[in-house]
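All remarks here apply to the structure that follows.
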Amino acid sequence: MTITQSSIQLHDLRFYAYHGVMEQERRVGGEYLVSLHVEADLSRAVASDDVADTVNYAALYEVVAREMAQPSKLLEHVAGRIAQCVLQTFPMVDALSIRITKCNPPMGADCKGASVEICALRASE
């Protein structure tokens, strides 16, 4: 068997965090959803059944949780910090996409949320 593509995905992680341009948002906080898609060669883990041969999704969650706990004005900034930290922490990760959704954005609209999504590749060495 040849594995042509593999990834690990975390869907709609829920956080209460303190991000926003307005001071009120950073003081009161709000609900956020974070989804993460990391691309990595998982063929060794497929063969070995050993967590050391994969990207541990619990460790991925810890990176996301740590960065979500640090207040920022812009979701773009939070997403960039998460992407950079994932790439630094997990050498197996070749690329990733991250979506952060503010569930109740203060914009006077009835909506499910406002999201930022970024995709990042590991820089060539």
Side-chain angles (χ1 to χ4, degrees):
M1 171 174 68
T2 301
I3 296 174
T4 61
Q5 188 175 8
S6 52
S7 65
I8 292 177
Q9 301 171 36
L10 301 177
H11 302 279
D12 293 335
L13 301 170
R14 294 185 182 278
F15 295 95
Y16 197 89
Y18 299 86
H19 308 303
V21 172
M22 298 186 308
E23 185 179 330
Q24 177 75 2
E25 293 176 282
R26 292 190 309 276
R27 191 172 343 115
V28 175
E31 292 185 35
Y32 294 83
L33 298 174
V34 178
S35 292
L36 184 66
H37 176 110
V38 297
E39 296 178 18
D41 180 358
L42 303 178
S43 57
R44 286 183 61 196
V46 168
S48 72
D49 195 27
D50 187 342
V51 72
D53 291 334
T54 190
V55 179
N56 184 318
Y57 55 78
L60 274 174
Y61 169 79
E62 291 301 323
V63 167
V64 174
R66 185 175 59 242
E67 294 303 324
M68 286 299 291
Q70 181 180 337
S72 293
K73 292 179 183 174
L74 299 178
L75 295 182
E76 293 87 341
H77 185 72
V78 180
R81 286 197 327 260
I82 293 170
Q84 186 169 14
C85 193
V86 167
L87 290 171
Q88 288 173 346
T89 305
F90 304 98
M92 286 181 67
V93 173
D94 298 318
L96 64 91
S97 62
I98 182 167
R99 183 179 66 244
I100 303 175
T101 301
K102 184 180 286 193
C103 295
N104 190 19
M107 58 186 203
D110 183 17
C111 67
K112 288 185 176 183
S115 299
V116 167
E117 184 170 2
I118 65 167
C119 300
L121 294 172
R122 181 173 298 286
S124 299
E125 314 252 340

Gap separating the OG atom of Ser35 from the CG atom of Leu13, nearest 0.5 angstrom: 6.5 Å
Specify the closest pair of heavy atoms between Asp53 and Ser48, including all atoms of both residues, with the distance to one decimal. OD2-OG, 2.6 Å
Would you kindly say whether Gln9 and Ser7 are connected by a side-chain donor-acceptor distance under 3.5 Å? yes
Tell me if the CG atom of Asp49 is crowded by more than 12 foreign heavy atoms within 6.0 Å. no
Between Leu36 and Val63, is there a side-chain heavy-atom distance shorter than 4.5 Å? no
Under 6.0 Å from the CD atom of Glu76, do we count more than 12 heavy atoms belonging to anything else shown? yes
Looking at every non-hydrogen atom in both residues, tell me the closest pair between Ala95 and Leu121 and how far apart they are. CB-CD2, 3.4 Å
dist Asn56:CG -> Thr89:OG1 (nearest 0.5 Å) comes out at 12.0 Å
Side-chain contact, heavy-atom cut-off 4.5 Å: Pro105 with Cys111? yes
Where do Ser72 and Arg26 come nearest, in terms of heavy atoms and distance? O-CD, 4.3 Å
One pair to check against side chain to side chain contact (heavy atoms under 4.5 Å, CB included): Leu42 and Ile3. What are the steps and the verdict? CA-CA 8 Å; Leu42 303 178; Ile3 296 174; 6.0 Å; no
Look only at the side chain of Thr54 and the backbone of Ala45, and say whether a donor-acceptor pair between them is shorter than 3.5 Å. no
In this structure, CD1 of Ile98 is separated from OG of Ser115 (nearest 0.5 Å) by 11.5 Å
Rounded to the nearest 0.5 Å, what separates atom CG in Leu75 from atom CZ in Arg99? 12.5 Å
Tell me, with the steps shown, if Val116 and Lys102 meet side chain to side chain contact (heavy atoms under 4.5 Å, CB included). CA-CA 9 Å; Val116 167; Lys102 184 180 286 193; over 6 Å; no
Measure the acute angle between the ring planes of Phe15 and Tyr61, then classify it against the limits of 30° and 60° as parallel, tilted or perpendicular. parallel
Can you get from Leu74 to Ile82 by hopping between Ile, Leu, Val, Met, Phe, Trp and Tyr side chains that sit under 4.5 Å apart? no
Test item: His37 side-chain N/O and Cys119 main-chain N/O as donor-acceptor pair under 3.5 Å: no
Gln24 and Arg27: side chain donor to acceptor below 3.5 Å: yes
Could you walk me through whether Val46 and Met1 pass side chain to side chain contact (heavy atoms under 4.5 Å, CB included), step by step? CA-CA 11 Å; Val46 168; Met1 171 174 68; 4.0 Å; yes
The reported gap from CG in Asp41 to CD in Gln5 (rounded to nearest 0.5 angstrom) is 11.5 Å
Donor-acceptor contact present, side-chain Arg122 to main-chain Val93, <3.5 Å: yes
Do the side chains of Phe90 and Ile118 join up, straight or via other hydrophobic residues, at under 4.5 Å, putting them in one cluster? yes
How close do Met68 and Ala17 get, heavy atom to heavy atom, and via which atoms? O-CB, 3.5 Å
Return the CD to NE2 distance between Gln70 and His77, rounded to the nearest 0.5 Å. 6.5 Å
Are there over 12 heavy-atom neighbours, none belonging to Tyr16, within less than 6.0 Å of that residue's OH? yes
Walk me through whether Tyr32 and Val78 qualify under side chain to side chain contact (heavy atoms under 4.5 Å, CB included). CA-CA 12 Å; Tyr32 294 83; Val78 180; over 6 Å; no
Looking at every non-hydrogen atom in both residues, tell me the closest pair between His19 and Glu67 and how far apart they are. CE1-O, 4.4 Å
Is the closest side-chain heavy-atom distance between Val34 and Leu10 below 4.5 Å? no
